[in-house]
Amino acid sequence: MLFKKRNTKCGILRQEDEGKKIVLNGWVASRRDLGGLIFIDLRDRWGLVQIVIEPENRPDLAEKAKDIRDEFVLWAEGTVRSRSNPNTKIPTGLIEVVVEDFDIINKSELPPFPVDDNIETGEETKLRYRYLDLRRPVMQNYFAIRNKTYQVCHRYFEKNDFIEVETPVLMKSTPEGARDFLVPSRISKGKFYALPQSPQIFKQILMLSGFERYMQIVKCFRDEDLRSDRQPEFTQIDVEMSFIDRDDILNLIEGLIIELWKEVLDYDVAAPFMRMSYDEAMNRFGSDKPDLRFGMEISDITDAVRSTEFKVFNDTIGEGGIIAAINVKGGSEMSRKNIDELTEFAKKYGAKGLAWMKFANGEVNSPIAKFLDEAVISQLKSQLNAQDGDLILISSDKKRRAQTILGALRLECAKRLGIMDAVKDKFSFHWVIDFPLFEYDEDNERWVAMHHPFTSPMDEDIALLDTDPGSVRAKAYDLVVNGAELGGGSIRIFNSDLQQKMFNKLGLGDKEIEDKFGFFIKALKYGTPPHGGIALGLDRIVMTLAGTDNIRDVIAFPKTTSGLSLMDGSPSFVVEEQLKELGLKLLSEK
RNA sequence: GGAGCUGUAGCUCAGUUUGGUUAGAGCGCCUGCCUGUCACGCAGGAGGCCGCGAGUUCGAGUCUCGUCAGCUCCGCCA
């Protein structure tokens with residue numbers, strides 16, 4: 001179909017364009033046919049403008065316009081003029097375009113939902129018709145922010161003398177970490193490539209190849225269950241540097257964040273960011289990614305309740321656990337039902353129960369009050385800075401578990417009491433540092449790397465590798481904003497013997513190490529510079545910039561919670577021939 | 001792997017507690033009218049596999065079991 005090409009854009013027309021003869025291309029956002037007068041809102045990527053067809057002057061155009069429906073594609077030629085009835089709600093509202101000629105370029109089926117912001121359409125319908133969902137201005141804006149993020153990143157790292165190198169998408173499957181997506185090899189039947197969980201090994205090899213400063217905006221793949229902030233394929237801003245220490249990376253990334261927030265939101269982020277140890281983050285906030293926009297910190301009240309007759313507390317103390325609490329300011333308004341809900345909430349995190357104390361009307365109300373004498377209560381009240389109107393939530397458990405439970409309750413209560421809403425426009429960036437190198441996997445009875453197996457232990461803790469692995473600290477760091485992890489990195493092991501030892505500590509046998517990581521250990525022996533880096537979750541950065549809490553909003557074609565792509569119907573079965581060519585055979589169900 | 005919520009018209013939802021005549025509303029859609037609308041207005045009309053499958057029952061949108069899908073969370077995600 002022939003069409004007249006536009007010479008301007010709908011969304012950019014303003015009062016000063018009055019009198020200009022123009023051509024527009026776009027989609028019909030809405031049509032208001034008054035009989036003697038037809039108004040059409042024409043939409044393109046840049047916005048909306050009202051065009052008018054006047055049957056009195058052009059009955060031929062009016063006749064053609066009768067067929068126009070929402071989402072039809074039009075070209076229209078006309079003259080910009082001031083409106084007699086301006087619309088102050090839209091940027092182009094002072095003017096309109098009187099149509100002198102137009103045609104329908106393409107029709108549209110009736111859309112299953114209006115292509116409009118603020119629609120209330122189910123996720124399933126929107127994903128099935130993702131192309132229509134993406135047409136909505138609010139979605140287009142998310143991707144404008146995403147684009148801006150790419151551009152700022154590339155410019156920032158270019159300016160800082162980084163070089164972008166692409167790493168393979170088909171690589172070797174290695175143990176440790178997330179489940180790999182596997183790709184069968186046709187040429188080497190029975191063998192598989194894996195999609196990268198991250199380009200970790202390649203970027204380290206690029207360091208020993210002498211690239212010094214590497215970055216890449218790169219897709220990563222992890223075959224794990226999805227969440228509102230997790231997709232099986234996602235994008236990382238991947239960075240690695242040689243001859244540097246931790247603070248070089250932290251400073252570099254702070255600079256990037258400052259530039260991103262300035263460019264995208266015109267928001268001034270203050271640096272340097274606060275740095276908090278993992279231990280402190282857990283003790284005070286019960287999370288390794290604490291939200292520091294508000295208080296409600298955790299207090300260890302073990303000493304205060306040590307002398308009580310409450311069996312639950314005494315048993316916990318006897319087993320080496322702790323009693324800890326948060327003070328939910330103004331929480332005494334919560335009903336018994338609300339507190340029961342909080343108890344259920346706590347149970348998801350492994351809590352066996354939840355003790356609480358309400359302070360109201362000068363009195364204390366608590367199911368455990370009978371175990372606490374006057375002195376203990378007043379001690380707690382002063383330690384927790386509790387006043388009338390407050391609610392104290394108490395967890396009694398192993399140290400980290402008690403903290404995690406209270407950390408989760410802290411966020412939940414902040415949501416319920418409107419604290420989250422009150423701070424929603426703030427950005428609180430900080431670093432969590434000094435992570436443990438290992439954590440113990442109870443199920444498999446072995447140590448696993450908390451960050452990844454290439455992370456360097458702190459020099460002063462290396463001796464503890466053999467005697468007390470659990471207390472070895474890592475040269476690792478996470479970037480956190482508003483309770484979300486934006487990225488993490490570490491200074492790497494650059495000594496092949498230490499790398500070998502690390503794998504041993506993780507329970508890998510020499511043969512397995514040779515088989516899975518031999519090439520890497522070998523590479524480390526050819527003059528590896530000290531190096532380290534970080535990977536930032538680009539999708540999460542864009543989410544934060546865009547102010548959305550769902551990762552699907554910032555990925556053009558996302559998967560559902562069960563990993564399906566509803567628009568194109570993947571994953572799907574393949575024909576027998578394809579399997580045969582790959583040397584594969586499906587197991588029959590059960 | 002587990003838990004919770006949801007599934008009824010194109011869309012958003014009511015109806016399910018306590019089974020019972022022809023399953024409703026708003027928006028959208030279709031037709032007609034309408035010269036200043038911008039959530040246009042007015043009049044009329046069409047539109048249903050009550051997610052799917054079993055079961056209970058004289059009778060199921062409603063009760064039971066299973067299953068599928070969407071969302072959120074726990075586990076998982078170095």
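Between the P atom of B:rC77 and the NZ atom of A:Lys289 lies a distance of 13 Å, rounded to the nearest Å. If you take CD1 of A:Ile95 and P of B:rC38, they are 18 Å apart, rounded to a whole angstrom.
A donor-acceptor contact under 3.5 angstrom links the side-chain atoms of A:Arg81 to the base of B:rG36. A donor-acceptor contact under 3.5 Å links the side chain of A:Asp225 to the base of B:rG75. Below the 3.5 angstrom threshold, one finds a donor paired with an acceptor across the side chain of A:Arg83 and the base of B:rU37. A donor and an acceptor atom sit less than 3.5 Å apart, one in the side chain of A:Arg230 and one in the base of B:rC76. Counting atom types as modelled, A:Glu96 pairs a side-chain N or O with a base atom of B:rG36 as donor and acceptor under 3.5 Å. No hydrogens or angles were tested; on distance alone, a donor-acceptor pair under 3.5 Å links the side chain of A:Arg227 to the base of B:rG75. Between the side chain of A:Arg32 and the base of B:rC34 there is no donor-acceptor pair of N/O atoms closer than 3.5 Å. Side-chain N/O atoms of A:Glu54 and base N/O atoms of B:rU35 include no donor-acceptor pair closer than 3.5 Å.
Remark: A:Asn550 is in phosphate contact with B:rU72, judged by side-chain N or O atoms under 4.0 Å from OP1 or OP2.
Searching all strands for a Watson-Crick or G-U wobble partner of B:rA3 with both distances below 3.5 Å returns B:rU72.
With distances taken from any side-chain atom of A:Leu34 to the nucleotides B:rU12, B:rU35, B:rC76, the minimum falls on B:rU35. The listed nucleotides are B:rU31, B:rU12, B:rC77; the one nearest the side chain of A:Glu224 is B:rC77.
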